[in-house]
Amino acid sequence: MDISESGRQIGEKLFALLDTEQQKDLLQYILNRENLSDFPDIFLCTVSKCHGFQNGSVQPLLEIREGNLYFCLEERTVCVGSQEIELTAKEFDALHLLIVNKKRVLTFETIAYHVWGEEYIDVTPKTIHNLLSRLRQKLQIAPEAPEYVISVRGVGYKFDAGI
C-alpha cells in the first residue's frame, strides 16, 4: 500500500483485508450511525460496494442515494436516515422501478407491467394506488421528511427526492 494513493484506494484495500463477517459488521455499524453526516456519501458507497461477495471476488452492488434515502437492489435494503424500512416484495419492486426512472412519470400500465409481470392485466389503478400509498407511508418516517413517491393525478407516479 502506497501512502500517496487516494483515501478511497487505501480504504478499499484495507476493507478487502477484513473477512466477510468483519466487513458486514463494519458496514452495519456505518449504516446504523445516528448521524450519517459524519461520513461522506462516497465513503459509505465505497465500503458497501465491497459488501457483495460471490466466489471470493468483490462484486459491486447497485446502490442509490437520494438525500436521506438509501436503496440497495441486491440486498433488497431500503433505509431512510439510519432507519431500515421493511417493504413487501411488490413495494420494493415498485420503488426500484420509480427510483431508477427518477423524476419520470410512469403510467399505471407501466408500473403494473413491471411490478406484476405477466399478471399485470388484472391489476387496476386502485391496486397500484393502494400499493404506492403503503410505500409512501413507510418512507415518511417523520413529518418533515420528503415525500419520495409523487402521485400524478390520472396518469401514474414518479420518484422525486426533492433535492
Side-chain angles (χ1 to χ4, degrees), residues 8 12 23-24 27-55 57-163:
R8 179 182 180 138
E12 288 174 345
Q23 289 177 346
K24 287 179 183 177
L27 180 60
Q28 196 62 44
Y29 167 75
I30 292 168
L31 292 176
N32 287 334
R33 290 282 302 206
E34 285 296 319
N35 186 1
L36 288 178
S37 63
D38 291 348
F39 298 99
D41 284 351
I42 191 151
F43 176 73
L44 290 173
C45 291
T46 299
V47 169
S48 56
K49 280 183 183 162
C50 295
H51 186 60
F53 282 89
Q54 291 179 340
N55 303 327
S57 64
V58 176
Q59 301 293 319
L61 300 176
L62 173 61
E63 295 179 312
I64 299 171
R65 276 198 179 280
E66 291 290 336
N68 270 346
L69 181 80
Y70 167 81
F71 177 92
C72 180
L73 179 61
E74 289 82 0
E75 292 182 345
R76 296 190 70 83
T77 302
V78 174
C79 298
V80 176
S82 61
Q83 182 178 340
E84 187 168 345
I85 308 298
E86 295 292 326
L87 299 178
T88 67
K90 297 273 190 242
E91 290 167 346
F92 186 89
D93 293 343
L95 179 59
H96 175 235
L97 178 65
L98 291 169
I99 203 168
V100 298
N101 290 286
K102 184 171 96 173
K103 296 188 179 182
R104 185 175 293 150
V105 177
L106 299 177
T107 65
F108 296 115
E109 293 80 17
T110 300
I111 294 168
Y113 176 78
H114 287 285
V115 174
W116 276 268
E118 293 186 16
E119 302 165 13
Y120 83 97
I121 294 172
D122 298 328
V123 176
T124 66
K126 179 143 181 79
T127 304
I128 295 168
H129 172 74
N130 290 341
L131 174 75
L132 293 175
S133 178
R134 287 191 311 270
L135 176 60
R136 290 162 83 168
Q137 288 175 349
K138 290 180 179 183
L139 295 177
Q140 191 80 32
I141 62 168
E144 68 277 357
E147 209 172 281
Y148 296 104
V149 178
I150 310 297
S151 173
V152 180
R153 188 179 178 128
V155 180
Y157 290 86
K158 68 179 180 175
F159 178 88
D160 190 349
I163 307 172

* Trace of the side-chain contact (heavy atoms from CB on, under 4.5 Å) decision for Val78 with Leu139 -> CA-CA 9 Å; Val78 174; Leu139 295 177; 4.0 Å; yes
* **Student check: side-chain heavy atoms of Leu131 and Trp116 closer than 4.5 Å** => yes
* Verdict with reasoning, Ile64 to Phe159, per side-chain contact (heavy atoms from CB on, under 4.5 Å) -> CA-CA 13 Å; Ile64 299 171; Phe159 178 88; over 6 Å; no
* Interatomic distance, Ile150 atom CD1 to Leu98 atom CG [nearest 0.5 angstrom] -> 10.0 Å
* Asked: Considering residues at least two apart in sequence or located in another chain, which fulfil the side chain to side chain donor-acceptor pair (under 3.5 Å) criterion with His114?
  -> none
* Using 30° and 60° as the class limits, which term best fits the ring planes of Phe92 and Phe71: parallel, tilted or perpendicular? -> parallel
* Structure fact -> Rounded to the nearest 0.5 Å, the CG atom of Leu95 sits from the CG atom of Leu87 at a distance of 6.5 Å
* Asked: Does any non-hydrogen side-chain atom of Arg76 lie less than 4.5 Å from one of Asp93?
  -> yes
* Where do Lys138 and Thr88 land on the side-chain contact (heavy atoms from CB on, under 4.5 Å) test, with the steps shown first? -> CA-CA 11 Å; Lys138 290 180 179 183; Thr88 67; 4.2 Å; yes
* Find the distance between CG (Asn130) and OG1 (Thr124) and round it off to the nearest 0.5 Å. => 7.5 Å
* Rounded to the nearest 0.5 Å, how far apart are CD1 of Ile141 and CD of Gln83? -> 4.5 Å
* Asked: OG1/Thr127 to CG/Leu132 distance, rounded to the nearest 0.5 angstrom?
  -> 11.0 Å
* Taking C-beta and beyond as the side chain, do Val100 and Leu73 meet within less than 4.5 Å on heavy atoms? -> no
* To do: Please collect all side chain to side chain donor-acceptor pair (under 3.5 Å) contacts where either partner lies in residues 147-156, sequence neighbours excluded, each pair once.
  => Arg136-Glu147
* Minimum heavy-atom separation for Ile111 to Leu97, with atom names? -> CA-CD2, 3.8 Å
* Asked: Hey, what do you get for NE2 (His96) to CG (Asn101), rounding to the nearest 0.5 Å?
  -> 9.0 Å
* To do: Indicate the atoms forming the closest heavy-atom contact of Arg104 with Lys158, along with that distance.
  => O-CB, 3.4 Å
* Apply side-chain contact (heavy atoms from CB on, under 4.5 Å) to His129 and Phe108, showing your working. => CA-CA 9 Å; His129 172 74; Phe108 296 115; 5.5 Å; no
